[in-house]
Amino acid sequence: MSAVVGSPVDGRAGPLSGVDDPVFSQQMVGPGMAVTPGGGRGDAVAPIAGTVATLHPHAFVITAAGGASVLVHLGIDTVKLKGEGFALHVAKGDIVEAGQPMVTWDPTEVEAHGYSAVCPVVVLEVEAEALGDFREAGAVTAGEPLFSVRE
Amino acid sequence: MAEDKAAAILTALGGGNNIVEIEPCITRLRCEVEDGSKVDEAGLKAAGAHGVMQQGTVVQVVVGPEADTLSGDIEDLL
């Protein structure tokens, strides 16, 4: 079985290696892709159906029925914004559908604070080989597939 | 088990007296320490860290999704 992981935001998809944070660029917590958001205030959506396992204003983890845990991080070092400008639409433990709005945020505002707004989308603690069907780098709309994960 | 890991990480960070602040962030522990030279990077990796990033007194210990739990366990030891 494999599950499709979709983009949480509209923007440009690319490799994790381009992210300015070694935790993601060196895939310390798992493989995935990164999406650089294309617009202003909008929703980050669930990349996969499952249960909200972890929820912070600037990041969340969804655990799918098949076991894969997908982390979406909204920007880099955005924990320092302490939730300012992020509005949550779900709670920890909620069951969500792929594409369901999770957090409303403003990538432009994140950048105005001096942070990168790039969104790493990472499958936690799996080998790189568990992922496949990577999307070609370039424009992506929220909900469109980024890659698949073997479960 | 988890408590052992928390204790090992705390020791490698220079012990409870060396911790100024510790905060979990999904995949990592962000720690501010009193004395950066007391941080034992090899010890952190031996305790299960995937990676360690240190800039002076700010240490990020990459532990994966158990960061929240571990942070709580470490707080309990302080």
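So that the names make sense, note that chain A is the first sequence line, chain B the second, and so on, each numbered from 1.
- For A:Ile95, the CD1 atom is loosely surrounded, since the number of other residues' heavy atoms within 6.0 Å does not exceed 12.
- Both B:Val63 and B:Leu77 are assigned to one and the same hydrophobic cluster, defined by single-linkage of ILVMFWY side chains at heavy-atom distances under 4.5 Å.
- In the hydrophobic clustering of ILVMFWY residues, with side-chain heavy atoms under 4.5 Å counting as a link, B:Leu13 and A:Val23 come out apart.
- Residues B:Ile26 and A:Trp105 fall into different hydrophobic clusters, defined by Ile, Leu, Val, Met, Phe, Trp and Tyr side chains chained together at heavy-atom separations under 4.5 Å.
- Residues of residues 116-142 of chain A lying under 4.5 angstrom from chain B, judged on non-hydrogen atoms, are A:Leu124, A:Glu125 by number.
- Contacts with chain B (heavy atom to heavy atom, under 4.5 Å) involve these residues of residues 67-83 of chain A, listed by number: A:Leu71, A:His73, A:Asp77, A:Val79, A:Lys80, A:Lys82.
- Rounded to the nearest 0.5 angstrom, A:Asp21 CG and B:Arg28 CZ are separated by 4.0 Å.
- When the shell of 6.0 Å around CG of B:Asn17 is examined, it contains 12 or fewer heavy atoms from other residues, nucleotides or ligands.
- Grouping the Ile, Leu, Val, Met, Phe, Trp and Tyr side chains by contacts below 4.5 angstrom, directly or via other members, places B:Val62 apart from B:Leu29.
- Among the residues in residues 36-59 of chain B, those with a non-hydrogen atom closer than 4.5 angstrom to a non-hydrogen atom of chain A are B:His50, B:Gly51, B:Met53.
- Shown here is A:Glu84, whose CD atom has no more than 12 heavy atoms of other residues, nucleotides or ligands within 6.0 Å.
- Note on A:Val5: it does not cluster hydrophobically with A:Leu16, by side-chain heavy-atom contacts below 4.5 Å among ILVMFWY residues.
- When the shell of 6.0 Å around CG of B:Asp35 is examined, it contains more than 12 heavy atoms from other residues, nucleotides or ligands.
- Heavy-atom proximity under 4.5 angstrom to chain B picks out A:Met28, A:Val29 from residues 27-45 of chain A.
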